[in-house]
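Numbers restart at 1 for each chain; the letters A, B, ... are given by sequence-line order, proteins then strands. Just so we're clear, the structure is a prediction, and the values are computed from it rather than from any experiment.
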Amino acid sequence: MSKEERTSAADFIRAIVAEDMKTGKWGGRVVTRFPPEPNGYLHIGHAKAFCLDFDIAAQNDGVCHLRFDDTNPTAEEQEYIDAIQDDLRWMGCDWGEHLYYASDYFPQMYAYAEQLIKAGHAYVCDLTAEQTRQHRGSLTEPGKDSPYRNRSVQENLDLFHRMRAGEFPDGSRTLKAKIDMSSPNLNMRDPVMYRIIHAHHHRQGRTWCIYPMYDWAHGLEDSIEGVTHSLCSLEFENHRPLYDWFLDKLGVHHPQQIEFARFNLTYTVMSKRKLRRLVEEGHVNGWDDPRMPTLRGLRRRGYTPESIRECMRRVGMAKFTGTTDIALLEHCLRQHLNKCSPRVMAVLRPLKVVITNYPDGQTEQLEAVNNPEDPTAGTRSIPFSREIYIEQDDFLEDPPKKFFRLAPGREVRLRYAYFITCTEIIKDAAGRIVELHCTYDPATRGGDSPEGRKVKATLHWVSAEHSLPAEVRLYEHLFTCENPEDVGEGRNCTDNLNPHSLQVISDCRIEPSVADTVPGDRFQFERLGYFCTDKDSSKTKLIFNRTVTLRDTWAKIQKQQRQTNR
RNA sequence: UGGGGAAUAGUGUAAUGGCAGCACGAGUGACUCUGGCUCACUUAGUCUAGGUUCGAAUCCUAGUUCCCCAGCCA
């Protein structure tokens, strides 16, 4: 990390941290934490939060804890704990020894609760959930005191002990903080601290049957760990007075909670609930479907951690809830992939071309550059022969203006190979073009004309005989509109699903150099886009995902032409 | 409706009383053995109305719009 990166206050949160470091508010320490609840997979929205947490710690020689906020046994599973760590490691996050679980603090939290009861700040309440709701009042009306609000300390202590001992059924009693039932902030109207849940906890088993609520637990977790800056999203702003109240009443280490706007992306949804629905209703093929904004999905799609981090850096940090254009993410992706992806030639929709003046049965090896952006990537050789495939899109019998590619009588370059000229179109009975006959110019071997003759286009190609069959999965945005959640009454985001978000092409051809590819390998298929080998791919059946297309100026021209012809 | 927040080009974000800048997008052109990359240029903004000030995106007043809160979820 450069000195500038370490010292610059790029946003309002880093400015606060920098100021605290200057004044020595926390003794020159920075401790942050990323506290996911293990009840789902991480998505790119989380990336904004954990990049901030881990980077701020690193930039200040501090530490960032990974803490699983496992305070609700009914939703949480070990599977998610493993997956979250796997995703975070992939993203390059380093928590060192600092892996913690909120549930490990349950004894300490219990002791703190007793302390609050003894100080008269908490009481056991026998109201049902429904009654509690009624007592809470509304946005405009104050709440009413619970009839159990003024129990003696002794009785509260006794009942609380018996709650913990398992004497009462689920939902029969709660421990509540005694604050102010008429507070305009609903969170301060005697919030529940503990509820009774007789359930198996994925780590604690049956040790506990009372579980702390978020507001009670979270500040304690931060405090116990010596966190200095507790960074969270905007919806917790209303909870900060409660966070502060608990820690003040306890008189313990009191971190500063700072809120920021969460990350939204166009053409996708981000809430766990909606993502779960996409999976459960079969709109996608699991949590790691390459169309999903989950980190697992993005990873399988071929995204790099670097590009996600770069996007987060560019998005910045503010308190305005906006939506980032997915074009920014894709720009960061292309920028990184352009630098690091080896180039390869693949033909998605093959059109056979016979080079009529090329010797039958002859094969030669031609040298191709692996990555023009990276001289150290070297070269490879690719086989050329009399019959090749080109892209169907690269030939037009009756080319419109500005179409530079192959057409009857026109000469183009085959990349790294020869100039060819189209001499004949072969059609089937239905009039479909099934084959092209071309001639080549032997003097242009390697792709250049010795006398400096120019061509307007360079096409990618593969040798028919030597190329490998492959399946390619093309992805588009999962939804057809920028904000899929913006739907009318009685409709939901699945109404905006893009029916073309996945297109499988099974008869592609790819150059033989990729024969040994393994899942996760990334390539640029020249002139098409960036692709990566899917986890379903094998030696006998090659399968690639399109990560993102190249910028496509021709597609834009076509779109313009279509509009002007209308 | 009570409370808590937020409003700067199409989008995201700087400027903390002193030249409204950057990035993405869009458009035009140059270059090119990828219609890629790269480069150049263009486009376009302070929510509204008052006020303070030599000077306001920034301070004050009033308003407008948007987001969050009535789980024994986090």
Asker: Distance criterion of 3.5 Å, no angle test: do you see the side chain of A:Arg405 paired donor-to-acceptor with the base of B:G35?
Answerer: yes
Asker: Report the base-pairing partner of B:G2 (Watson-Crick or G-U wobble, both distances below 3.5 angstrom), or none.
Answerer: B:C69
Asker: Atom CZ of A:Arg410 to atom P of B:G35: distance rounded to whole Å?
Answerer: 13 Å
Asker: With heavy atoms under 4.0 Å as the rule, sort A:Arg415 into base, sugar-phosphate or nothing.
Answerer: base
Asker: I want to check one thing: is the phosphate of B:U32, taken as OP1 and OP2, less than 4.0 Å away from some side-chain N or O of A:Lys456?
Answerer: no
Asker: Mind checking the P distance from B:A20 to B:U58? Whole angstroms is fine.
Answerer: 13 Å
Asker: Give a yes/no verdict on a cation-pi contact between A:Arg164 and A:Trp208, requiring under 6.0 Å between NZ or CZ and the six-membered ring centre and an angle within 45° of the axis.
Answerer: yes
Asker: Under 3.5 Å, is there an N or O donor on one side and an acceptor on the other linking the side chain of A:Glu330 and the base of B:G25?
Answerer: no
Asker: Please give, in whole Å, the distance from B:U34 P to A:Glu511 CD?
Answerer: 16 Å
Asker: When you measure from the side-chain N and O atoms of A:Lys454 to the phosphate of B:U32, is any distance below 4.0 Å, counting only OP1 and OP2?
Answerer: no
Asker: Hey, does A:Pro372 reach any base, or is it just sugar-phosphate, or nothing, if we go heavy atoms under 4.0 Å?
Answerer: base
Asker: Reckon A:Gln524 touches a base, only the sugar-phosphate, or nothing at all at heavy-atom distances under 4.0 Å?
Answerer: base
Asker: If anything within 90° of 0 is syn and all else is anti, what is B:G29?
Answerer: anti
Asker: Looking at A:Arg551, does any N or O in its side chain come under 4.0 Å of the phosphate oxygens OP1/OP2 on B:C37?
Answerer: yes
Asker: Quote, to the nearest angstrom, the P distance that separates B:C60 from B:U1.
Answerer: 24 Å
Asker: With both distances under 3.5 Å as the test, what is the Watson-Crick or G-U wobble partner of B:U11?
Answerer: B:A23
Asker: How many Å lie between CG on A:Asp552 and P on B:C37, as a whole number?
Answerer: 10 Å
Asker: I want to check one thing: is the phosphate of B:U34, taken as OP1 and OP2, less than 4.0 Å away from some side-chain N or O of A:His460?
Answerer: no
Asker: Mind checking who B:G29 pairs with, Watson-Crick or G-U wobble, both distances under 3.5 Å?
Answerer: B:C39
Asker: Classify A:Thr553 by what it touches in the nucleic acid, base, sugar-phosphate, or nothing, heavy-atom distance under 4.0 Å.
Answerer: sugar-phosphate
Asker: Give a yes-or-no answer on whether the side chains of A:His161 and A:Tyr110 include a donor-acceptor pair shorter than 3.5 Å.
Answerer: yes
Asker: Got a salt bridge between A:Glu511 and A:Arg380, using NZ or NE/NH1/NH2 to carboxylate O under 4.0 Å?
Answerer: yes
Asker: Using 4.0 Å as the upper bound for N to carboxylate O, is an ion pair formed by A:Lys176 and A:Asp190?
Answerer: no
Asker: Taking the ring centre of each residue, are A:Tyr440 and A:Phe419 less than 6.0 Å apart?
Answerer: no
Asker: Mind checking A:Ile557 for me? I need base, sugar-phosphate or nothing, with any heavy atom below 4.0 Å counting as a touch.
Answerer: base
Asker: Along nucleotides 9-14 of chain B, 5' to 3', which nucleotides get a B, which get an S, and which get a -, given that the test is a protein heavy-atom distance under 4.0 Å?
Answerer: --SSSS
Asker: Could you check how far OH of A:Tyr416 sits from P of B:U32, rounded to whole Å?
Answerer: 16 Å
Asker: Can you tell me, in whole Å, how much space there is between the P of B:G12 and that of B:U28?
Answerer: 25 Å
Asker: Now, which nucleotide makes the Watson-Crick or G-U wobble pair with B:U34, with each of the two distances under 3.5 Å?
Answerer: none
Asker: I'd like to know whether the aromatic ring centres of A:Phe236 and A:Tyr243 sit less than 6.0 Å apart in this structure.
Answerer: no
Asker: If B:G17 has a Watson-Crick or G-U wobble mate with both distances under 3.5 Å, name it; if not, just say none.
Answerer: none
Asker: Between B:A9 and B:C72, how far apart are the two C1' atoms, rounded to whole Å?
Answerer: 48 Å
Asker: Scan every strand shown for a Watson-Crick or G-U wobble partner of B:A44, both distances under 3.5 Å, and answer none if you come up empty.
Answerer: none
Asker: Among A:Tyr101, A:Tyr80, A:Tyr100, whose ring-ring contact (aromatic ring centres under 6.0 Å, His included) with A:Phe68 holds?
Answerer: A:Tyr101
Asker: Honestly, is A:Arg173 close enough over A:Phe168, meaning NZ or CZ under 6.0 Å from the six-membered ring centre and within 45° of the axis?
Answerer: yes
Asker: C1' atom, B:C39 versus B:A44: distance in rounded Å?
Answerer: 22 Å
Asker: Tell me, for nucleotides 69-74 of chain B in 5' to 3' order, what letter each nucleotide earns: B for a base near a protein heavy atom under 4.0 Å, S for only sugar-phosphate near one, - for neither?
Answerer: BBSBSB
Asker: Could you check how far CZ of A:Arg334 sits from P of B:A23, rounded to whole Å?
Answerer: 18 Å
Asker: Regarding A:Ser233 and A:Glu235, is there a side-chain donor-to-acceptor distance under 3.5 Å anywhere?
Answerer: yes
Asker: Can you check the distance between B:C59 and B:A15, where both ends of the measurement are the P atom (answer in whole Å)?
Answerer: 13 Å
Asker: Look at all strands and tell whether A:Tyr418 reaches a base, only sugar-phosphate, or nothing, counting heavy atoms closer than 4.0 Å.
Answerer: nothing
Asker: Determine whether the aromatic ring centres of A:Tyr112 and A:Trp216 lie less than 6.0 Å apart.
Answerer: no
Asker: For A:Arg262, does the CZ atom have more than 12 heavy-atom neighbours from other residues, nucleotides or ligands under 6.0 Å away?
Answerer: no
Asker: May I ask you to say what A:Glu373 touches in the nucleic acid, namely base, sugar-phosphate or nothing, with a heavy-atom cut-off under 4.0 Å?
Answerer: base
Asker: Nearest 0.5 Å please: distance from the CD atom of A:Glu391 over to the SG atom of A:Cys508.
Answerer: 8.0 Å
Asker: Has A:Lys319 got more than 12 heavy atoms of other residues, nucleotides or ligands less than 6.0 Å from its NZ?
Answerer: yes
Asker: Whole Å only: how far is the CD1 atom of A:Ile390 from the P atom of B:U34?
Answerer: 17 Å
Asker: Please state the C1' separation for the pair B:U34 and B:U16 - nearest whole angstrom.
Answerer: 47 Å
Asker: May I ask which nucleotide in the shown strands pairs with B:C59, Watson-Crick or G-U wobble, both distances under 3.5 Å?
Answerer: B:G51
Asker: What distance, rounded to whole Å, do you find between the two P atoms, one in B:G35 and one in B:U11?
Answerer: 33 Å
Asker: Quickly work out the A:Ile179 CD1 to B:G3 P distance and round it to whole Å.
Answerer: 19 Å
Asker: Taking any heavy-atom pair under 4.0 Å as a contact, classify A:Lys339: base, sugar-phosphate, or nothing.
Answerer: nothing
Asker: How many Å lie between CG on A:Asn370 and P on B:U34, as a whole number?
Answerer: 16 Å
